[in-house]
Amino acid sequence: MTETEPGEPTPQTCLQVAREAAALAAAADDHALTAVCRSSSRSEARLEEVMHAVHREAVEAERHAARAEQWAADPQMPDGALRHCARGAVDHAVRAQEAAGVEVTAAALRTELERQLTAQERAEVESELRRAEAEREAAERAATGMDGDNRHLARMNAFLAESAVPALGWSAGHVRVMEAAATGRLYWRDGQARQTAERGVWSGGRKVHRERTQALRAAGFLTAAAADGAQVLTPTPMGQVALELARLHPAGLYDSDTAAYEARYTRSARSRMSSDEKKAAARRLPALEHGAVRRYRRPVTLAEQETRAEREAAEQWEGEGGYCPGVPAPAPAVEDTVRCPCCGLRKATVAGVLAPHKPTRTAAEDCPGSGLRPAAEASRAVPPAAAVRAEQPLLRRLFAPRAAREQHPARDLHTVIRRPQRVLTDEERERVRDTAALNFQAALIMGIIDPVPNPSPMPEEAGAWVREHVWPERFHEIERKYPHGFARWSMCERGTCWNCLSGRCDICVHRQKGGPDVDSNRDWVTDHRGRNVARLILRPGGEPCVWWCRCACPKDGPAPARPATKAKRTPAAPTTTPAPSPAPAATPVRTPEESAEQAALW
């Protein structure tokens with residue numbers, strides 16, 4: 001039974017109401033029958049009609065009550081079924097009493113079905129459900145020796161075996177050969193398969209059916225390895241799965257080799273084949289389909305889980321970060337201090353090795369391309385305009401929630417750190433020019449026309465291998481649309497904004513926004529279909545990863561002067577037009593420094 005929703009009647013209440021309604025309907029039926037027995041000739045016909053009507057309603061009420069009792073014993077039946085039966089029984093009981101002309105007391109039973117449970121009753125119901133679920137789980141674990149997940153795997157394997165085993169075309173003799181190979185004592189010598197009595201002694205032993213062994217080996221269920229002049233036969237991964245499925249569904253095996261041969265002949269025969277080709281195809285065993293090998297998952301029993309946990313706990317040593325029960329971790333003796341490469345601070349060492357510690361760097365140092373200065377540098381004088389923008393609540397909310405702002409020091413997102421721009425090579429410029437117009441505009445907006453990668457412990461060759469062999473195809477579809485890729489770039493690795501690339505540093509994107517573009521520190525974990533299954537918090541400490549335009553122009557303070565423009569020659573306005581002509585379009589003229597900078601970039 002499924003869990004009862006808050007406010008819904010319990011299964012016990014529904015069952016009790018259905019029984020009481022059936023009893024009231026039966027009482028009304030008896031009253032109508034008694035009235036017919038005592039009727040006179042004038043009212044006999046009318047009372048008989050009433051009796052039949054009441055009897056029909058009483059039968060229906062009893063049928064609903066019986067169905068409620070039947071469904072209450074079925075654990076797979078939802079609780080809504082019991083509620084439906086109880087309401088049906090009450091409705092028929094009410095109609096039976098109305099037709100019999102007696103007091104309609106069955107209507108009061110509806111309040112039991114519609115009554116809201118109190119908090120204490122709801123707690124008792126939930127407690128009872130949990131107790132019943134625990135008892136059922138304990139009984140199933142005792143019967144199967146597996147937990148719920150592995151029992152589900154066993155059921156799925158049983159369904160898989162029902163369809164896969166008959167397609168193998170095996171008899172019980174093929175299973176015996178596979179079981180002998182699974183013991184590791186099956187070998188082939190001098191054209192005969194034998195099962196030795198002792199592993200490692202490849203001589204003697206009882207004979208095993210030669211034709212079945214050859215057929216299983218030819219189909220890929222067995223593999224051979226040379227040992228002491230013999231070939232040791234062991235199951236392949238496909239053979240192991242086929243053997244497990246055959247054990248799960250022995251009804252799919254054929255009674256004899258002849259019956260298995262006829263089934264394979266019927267399955268493999270084609271009209272275009274000759275008689276000899278059909279017989280040859282029937283003598284070959286079909287391989288287990290690849291989907292069955294991939295879908296099969298061997299369930300693990302509770303005893304195996306405990307043994308594995310004990311083994312893993314025993315293999316974990318204290319020096320490797322594991323846990324040794326009953327042995328407290330000793331405090332290491334500090335011998336020297338060195339400067340930590342990740343923190344830049346002096347840390348203690350043990351025997352010349354840096355002791356494990358939690359980095360104490362600021363958010364700016366945690367992200368090498370974040371564009372933030374450390375706290376000491378961020379506390380320097382800031383122009384008044386930037387100080388006003390730092391107090392804007394919107395920018396504060398962009399990179400950290402309120403709880404994170406209370407736990408972490410405030411960070412100044414308006415102090416610019418000069419980071420180098422990327423100088424595109426001739427090959428990269430050609431790649432940018434070949435980009436589709438729509439994707440080119442999107443790359444400009446996102447700043448990935450000239451991204452600059454951060455230092456990474458993974459070499460570029462390893463990253464290329466991961467992108468080629470690990471990334472799903474949906475990543476490659478959008479990756480191929482952009483000149484330098486799409487998903488590989490973080491916020492702090494983006495390059496120059498489109499306004500600065502056009503020489504309009506006075507309207508730089510981040511100058512207009514009053515601050516940088518701040519990452520939300522959120523990503524998603526997807527399954528093999530690309531569906532989001534879990535949210536991944538990249539930096540739980542609230543450290544921002546931001547994009548400052550990499551152009552050397554200032555992002556705060558007074559805006560730089562707009563580049564000088566040259567007026568275009570325009571024809572004179574006609575005399576009939578009273579209003580003056582609009583101002584000519586302006587063409588930006590870069591200074592020598594800006595021209596050199598843009599030339600180096602492009």
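Throughout, residue positions are numbered sequentially from 1 according to the sequence presented.
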Discussion item. For the backbone of Val201 and the side chain of Thr196, can you confirm whether one donor and one acceptor N or O come within less than 3.5 Å of each other?
Written reply: yes
salt_bridge(Arg431, Glu428) N-O dist < 4.0 Å
no
Ignoring hydrogens and geometry, is there a side-chain-to-backbone donor-acceptor pair from Glu493 to Pro451 under 3.5 Å? no
Could you walk me through whether Glu137 and Arg130 pass salt bridge (Lys or Arg N to Asp or Glu O under 4.0 Å), step by step? CA-CA 10 Å; Glu137 177 67 18; Arg130 286 194 297 268; over 6 Å; no
*Do Val165 and Trp170 come within less than 4.5 Å of each other through their side chains, counting heavy atoms only?*
no
Test salt bridge (Lys or Arg N to Asp or Glu O under 4.0 Å) applied to Glu479 and Arg488, step by step: CA-CA 9 Å; Glu479 191 79 3; Arg488 67 182 75 176; 2.6 Å; yes
**Prompt:** Can any side-chain N or O of Arg110 pair as donor or acceptor with the backbone N or O of Asp91 at less than 3.5 Å?
**Reply:** no
**Q.** Check: Met146 main-chain N/O paired with Arg151 side-chain donor or acceptor under 3.5 Å
**A.** yes
* Side-chain ion pair, Arg176 and Glu179, N-O less than 4.0 Å -> no
- prompt: Any sub-3.5 Å donor-acceptor pair from Gln192's side-chain atoms to Val208's backbone N or O?
  reply: yes
Throw together a table of side-chain donor-acceptor distances under 3.5 angstrom for residues 236-254, partners on residues two or more places apart or in other chains.
| residue | atom | partner | partner atom | Å |
| --- | --- | --- | --- | --- |
| Thr236 | OG1 | Gly220 | O | 2.7 |
| Thr236 | OG1 | Phe221 | O | 3.3 |
| Thr236 | OG1 | Gly239 | N | 3.1 |

Side-chain donor or acceptor of Arg185 paired with backbone N/O of Ala182 under 3.5 Å
no
Query - Parallel, tilted or perpendicular: rings of Tyr265 and Tyr261 (30°, 60°) - result: tilted
What one should report as the nearest heavy-atom pair of Asn157 and Arg295 is OD1-O, 4.4 Å
Q.
For the backbone of Thr213 and the side chain of Trp188, can you confirm whether one donor and one acceptor N or O come within less than 3.5 Å of each other?
A. no
TODO: Could you tell me whether Glu277 and Arg270 have a side-chain N and a carboxylate O separated by less than 4.0 Å?
DONE: no
Could you tell me whether Arg210 atom CZ has more than 12 heavy atoms of other residues or ligands within 6.0 Å of it? no
Inset, instruction - Examine distances only and state if a side-chain atom of His484 and a backbone atom of Ile449 form a donor-acceptor pair shorter than 3.5 Å. - result: yes
Point to revise | Glu473, CD: over 12 other non-hydrogen atoms inside 6.0 angstrom | key: yes
Electrostatic pair Glu211:Arg283 at N-O distance under 4.0 angstrom
no
| Does the pair His92 and Arg95 meet the rule for a side chain to side chain donor-acceptor pair (under 3.5 Å), with working shown? | CA-CA 5 Å; His92 287 292; Arg95 286 195 287 269; 3.2 Å; yes
Q: Please confirm whether the backbone N or O of Cys492 pairs with a side-chain atom of Ser490, one donor and one acceptor, at under 3.5 Å?
A: no
| said: Is it the case that over 12 heavy atoms from other parts of the model lie below 6.0 angstrom from the NZ atom of Lys481? | reply: no
For Glu135, does the CD atom have more than 12 heavy-atom neighbours from other residues, nucleotides or ligands under 6.0 Å away?
-> yes
query = Would you call Arg56-Glu60 a salt bridge at under 4.0 Å N-O?
reply = no
Show your reasoning for whether side chain to side chain contact (heavy atoms under 4.5 Å, CB included) applies to Asp257 and His174. CA-CA 9 Å; Asp257 291 342; His174 292 91; 3.9 Å; yes
Sequence neighbours excluded, the answer for ring-ring contact (aromatic ring centres under 6.0 Å, His included) partners of Tyr296 is none
| Judged by atom type as modelled, is there a donor-acceptor pair below 3.5 Å linking the side chain of Asn150 to the main-chain atoms of Leu153? | no
- Task: Take Arg83 and Arg87 through the side chain to side chain contact (heavy atoms under 4.5 Å, CB included) test and state the conclusion after the steps.
- Result: CA-CA 6 Å; Arg83 191 164 57 252; Arg87 289 174 179 173; 3.6 Å; yes
For Ala26 and Ala58, the nearest pair of non-hydrogen atoms, with its separation, is N-CB, 4.4 Å
Check your understanding: Should we count CG of Asp255 as having more than 12 external heavy atoms under 6.0 Å?
Key -> no
